[in-house]
K.L.:
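I'd like to ask you about the structure that follows.
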Amino acid sequence: MSQSTVPCYTIINSTDLEVPNEMQLKQDLEKGDTNVKIETLKKVIQLLLNGERLSGLIMTIIRFVLPVQNHTIKKLLLVFWEIVPKTSPDGKLLQEMILVCDAYRKDLQHPNEFLRGSTLRFLCKLKEPELLEPLMPSIRACLEHRHSYVRRNAVLAIFTIYKNFDWLVPDGPELIANFLDTQQDMSCKRNAFLMLLHADQERALNYLASCIDQVNNFGDILQLVIVELIYKVCHANPAERSRFIRCIYNLLNSSSNAVRYEAAGTLITLSSAPTAIKAAAGCYIELIVTESDNNVKLIVLDRLIAMKENENIEKVMQDLVMDILRVLAAPDIEVRRKTLNLAMDLVSSRNISEMVLVLKKEVSKTHNVAHEDTGKYRQLLVRTLHSCSIKFPDVAGNVIPVLVEFLSDTNELAAADVLIFIREAIQKFPSLRNLIIGHLIEAFSQIKSSKIHRAAVWILGEYVNDKNQVLEVIEVIIQTLGEVPMVEAEQRRLAGDQTEEEMMNHRNNNSQPSQTNTNNSKVTSDGTYATQSAFSLAPISKKEKRPPLREYLMAGDFFIGAALSATLTKLALRYADLEDDAKAQNRLTTRVMLIMSSILHLGRSGFSNKPITNDDTDRIFICLRTLSERTKDVVQVFERYCREALGKMLDAQYEEDQRVFREKQKAAAKVQPDDPVVFAQLSNGRESQLGENVFESSLNQALAGTKSNNLSDVTSPNNKLNKVTQLTGFSDPVYAEAYVNVNQYDIVLDVLIVNQTNDTLQNCTLELATLGDLKLVERPHSVVLAPHDFCNIKANVKVSSTENVYDTSINTNVVVLNTTHIDIMDYIIPASCTDTEFRQMWQDFEWENKVTVNTTFTDLHEYLKHLLKSTNMKCLTPEKALSGQCGFMAANMYAKSIFGENALANLSIEKPIDDPDSKVTGHIRIRAKSQGMALSLGDKMSSSQKLAVQAS
């Protein structure tokens, strides 16, 4: 048997350190009882699988084990005869196998249906026609057995024998076709139909045509084979589509989800009609909604997303947006995220209003729901509504009242996304400014986060243009700030006196009788009265509820105070432009300046948990000085430049989004001018007779429009040569080199082994020792190498994270091989995230790796480009922020692995401006959740720097 046809078997790991000798095994097989024979037979199988040659045991097993009627021994013997070498070194069949053949002829006539069926399954794996030829009459007789288990395995046996040695059963298709007409059991019909599908499609089509109206009543296993047949026939002969496409339509309503999934995929490849696309997409959506397994939901969602990438299909799917939104009922956050992204890509002006209504209902459902993903889902809904409003400004007025409710949410991320939307909407849609400001003023006092209050204050200060609104905003700020001056109010609160707020609350609640007793008299344990002097009591700090802004200041967060001062300054300057009465101007200005000075006083009084910082003090002093002096240039900064800076930032974001969108369009698969034109009518139809399923490739062609995720560049000749690693030296007795092929979670190691000696090498074995989170799937089999012969050995390694090294060695007068490194770049893809998410991940990730910049680059931008190219990371810092030359650069980079791991990097580099020939210096900080990712990425950056240095 040639090396390429040797089957691969499962390795059974043995925990026994002591290997039994052949004589002991023979003795146990001859004289042991049934249990001893079972255990001994298991040991023999393990030894054979691990490369041992036990040819002396074959006759012993035939004499003493084969006649035993124990079912366990029978099952083990099937495994033994499958893996034992059946030919001599010269390629001839062993004489002992004739006895084995006779034993299995008896098993095929055994009254027990399990023994018959398992023997038939074993015969499917035999590759020796000499053994199969005497058994053919018995195999044919099993087609008429009373039990379906025997009959369906007999069909499989005839199928495999006909496929490998058709001269043994020349009338196989006719035999199975007659068998199919008389069968009622679905498993038997499925196996028979499968054989006709691959062996004689004409007979299979005739059978299908005779019962095409009954297909819906067939079992799912038979329906799946029918779908495969229809696909292959229509692919080879498009004229048959009209004959069978109705059957595919009917199978979309099958009771089996697997059949419906395959039928929908087949329908897309067979027809591009809008009705067919709608039917297939509707079937996919129904599968997602009804299927409980999240993995299935995600797989089918990916199919829908792939369909959307085709321009013609996308137009048809736009009418299915409301059906797609039904998937939001799924609890999984990843399913919801993909669904919202898909709906957002498909929504049009015709159905945007209905989509907004559905999203509003989803928002209301998330209230008072205690679930770990509720906050993330609300954040997704906010971002989707944000995108809807920017893409379709007509619905912004309906969306804003819903989103403003999120400002009082305890989930700060959702509230921050709302403010980002409000900031963009109020800048882009001047007609909605009054509506937004009105809702923002109403919700201002309900906000619970300092960060959200700070952003809301900035928006109010920037976009309020009416003098009545200015007064209203200042009143709301004072209400949420509390009594001013604040230091005096805190002193009264500490002394136990009522502050103005408490007196106001007391007046409002005067209808309720007060329970407070002003007399501070106490009763001692003996019943007498005792009094206390206020001077002898230490002041007790009461934990009382303060207004929100006062709470932030008392906690030491004076950054909100500086932001508040800037907003009050803008409001006062704007009020001065709008109000002609000088007294009203001065009155408002003094109120504003009193608030700012009160914040300064509070920060230095010691009442707050932390004193005010120098930066915040300087900012508040600048605001006070601006109001008192009214310098023209400084006033321009407050009145104009802040809003212009926001406009430039939003324009930069819009340009970046458009650039990414254009890049996606460029990546779309297009037919090149020099591509060959394939005429299906002129094809010879051989592709459909090869027995291989070309469904996936055809479906990918039908859904062309996306950049393939397969690592096709890895398999191209140019890059394949770059991935060959030399494992031994040229002077070693065995030369070996490996090509590492990475395909997502699997690594295929293709090792070329050359015998450079004049001797035949027996049992030449490749041993692999994996490090990190790599796992060897199967142990490479032993090979025999003739003098100066060569062979290829393939080994599969499973990957579960981004650990990147494994070691290899060859056994046979051991030749130690070179260490093979797996390039981490095969697992890392560029990704993007918001600044908030980047900061949060940077704070959460505990593994950090610091790489010092050591390069010959003299340009900061060139070094950044080199780093991004060599690490597959994406720069999150906008291009405009990096433009220009100032002698230093700071940039954030982000990437994700195919396992879902995040990798963050911060680049901080510099060079003297006055010395153009000086080299770039600095460092790169990498953060990741796992140590392997941080170290691997750091090694990659260091090695890329070394390569750049050597190249220069």
Side-chain angles (χ1 to χ4, degrees), residues 288-289 294 297-298 301 321-322 324-347 352-392 395-426 435-436 439-440 442-456 459 548 832-841 843-844 900 902:
I288 301 171
V289 173
N294 279 334
K297 290 178 184 286
L298 290 170
L301 261 177
V321 170
M322 302 310 297
I324 291 172
L325 289 175
R326 292 166 53 203
V327 182
L328 292 177
D332 185 68
I333 189 67
E334 192 61 31
V335 173
R336 287 171 163 176
R337 179 182 287 109
K338 286 192 173 187
T339 303
L340 289 173
N341 291 338
L342 176 61
M344 197 61 234
D345 290 338
L346 293 174
V347 70
I352 182 62
S353 55
E354 289 88 349
M355 179 174 171
V356 169
L357 287 175
V358 172
L359 295 179
K360 283 183 177 180
K361 290 180 181 177
E362 290 296 317
V363 168
S364 62
K365 289 179 185 177
T366 60
H367 289 293
N368 303 321
V369 176
H371 191 272
E372 58 180 354
D373 288 332
T374 301
K376 294 179 182 178
Y377 183 43
R378 299 186 78 177
Q379 195 175 356
L380 283 177
L381 290 173
V382 169
R383 290 182 179 178
T384 307
L385 286 169
H386 176 185
S387 301
C388 289
S389 302
I390 300 303
K391 193 173 180 180
F392 304 96
V395 300
N398 297 327
V399 170
I400 288 167
V402 179
L403 292 184
V404 169
E405 295 178 7
F406 280 91
L407 292 178
S408 58
D409 199 287
T410 52
N411 182 9
E412 186 177 294
L413 294 176
D417 285 337
V418 171
L419 275 177
I420 291 172
F421 160 66
I422 288 176
R423 185 183 66 188
E424 186 172 355
I426 204 170
L435 174 67
I436 295 174
H439 284 288
L440 200 55
E442 289 178 11
F444 189 80
S445 58
Q446 305 298 323
I447 298 174
K448 299 180 177 64
S449 167
S450 168
K451 181 180 176 182
I452 308 305
H453 255 130
R454 198 165 64 232
I459 293 173
S832 59
C833 65
T834 64
D835 291 342
T836 306
E837 292 169 341
F838 185 90
R839 293 192 197 99
Q840 187 64 41
M841 287 189 287
Q843 182 179 345
D844 294 342
N902 298 295

K.L.:
So do the side chains of I400 and I422 get within less than 4.5 Å of each other, counting heavy atoms only?
P.N.:
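A side-chain contact is absent here, since even the closest heavy-atom pair is not under 4.5 Å.
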K.L.:
Name all residues meeting the ring-ring contact (aromatic ring centres under 6.0 Å, His included) criterion together with H386; count only those two or more places apart in sequence or in a different chain, and write none if there are none.
P.N.:
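ring-ring contact (aromatic ring centres under 6.0 Å, His included) check on H386 returns F421.
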K.L.:
Using 0.5 Å steps for rounding, measure from the CG atom of L403 to the CG atom of N398.
P.N.:
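L403 CG to N398 CG: 11.0 Å, rounded to 0.5 Å.
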K.L.:
Does a side-chain heavy-atom distance below 4.5 Å link P548 with I447?
P.N.:
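Heavy-atom side-chain distance check fails, nothing below 4.5 Å.
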K.L.:
Would you call T836 and D417 a side-chain contact if the rule is heavy atoms closer than 4.5 Å?
P.N.:
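With C-beta onward as the side chain, the pair stays apart.
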K.L.:
How would you list, by chain and number, every residue that makes a salt bridge (charged side-chain N to carboxylate O under 4.0 Å, His left out) with K360, sequence neighbours excluded?
P.N.:
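Salt bridge (charged side-chain N to carboxylate O under 4.0 Å, His left out) list for K360, sorted by chain: empty.
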K.L.:
Does the side chain of K338 come within less than 4.5 Å of L298's, by heavy atoms?
P.N.:
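Yes, their side chains come closer than 4.5 Å.
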K.L.:
Do M355 and T384 come within less than 4.5 Å of each other through their side chains, counting heavy atoms only?
P.N.:
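Yes, close enough: below the 4.5 Å cut-off.
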K.L.:
Quick one: NZ on K391 to CE on M344, what's the gap to the nearest 0.5 Å?
P.N.:
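Reported value, rounded in 0.5 Å steps: 4.5 Å.
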K.L.:
Rounded to the nearest 0.5 Å, what's the gap from CD1 on I390 to CG on L385? Could you check?
P.N.:
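One gets 11.5 Å once the value is rounded to the nearest 0.5 Å.
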K.L.:
Who pairs with D345 by salt bridge (charged side-chain N to carboxylate O under 4.0 Å, His left out), at least two apart in sequence or on another chain?
P.N.:
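Testing D345 for salt bridge (charged side-chain N to carboxylate O under 4.0 Å, His left out), a comparison that skips the adjacent residues, returns K308.
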K.L.:
Looking at CG of L380 and CD of E334, how far apart are the two atoms once the value is rounded to the nearest 0.5 Å?
P.N.:
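Interatomic distance, L380 CG to E334 CD, rounded to 0.5 Å: 9.0 Å.
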K.L.:
What do you reckon, is NZ of K376 surrounded by more than 12 foreign heavy atoms closer than 6.0 Å?
P.N.:
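Not more than 12 within 6.0 Å, no.
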K.L.:
Within the side chain of R336, is there an N or O that forms a donor-acceptor pair under 3.5 Å with the backbone of A330?
P.N.:
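Answer holds: yes.
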K.L.:
I need the I426 CD1 to L419 CG distance, nearest 0.5 Å.
P.N.:
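Atom-to-atom, I426:CD1 and L419:CG are 10.5 Å apart.
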K.L.:
Could you check whether any side-chain heavy atom of K361 comes within less than 4.5 Å of a side-chain heavy atom of L325, counting everything from C-beta outward?
P.N.:
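SC-SC contact between K361 and L325 ruled out.
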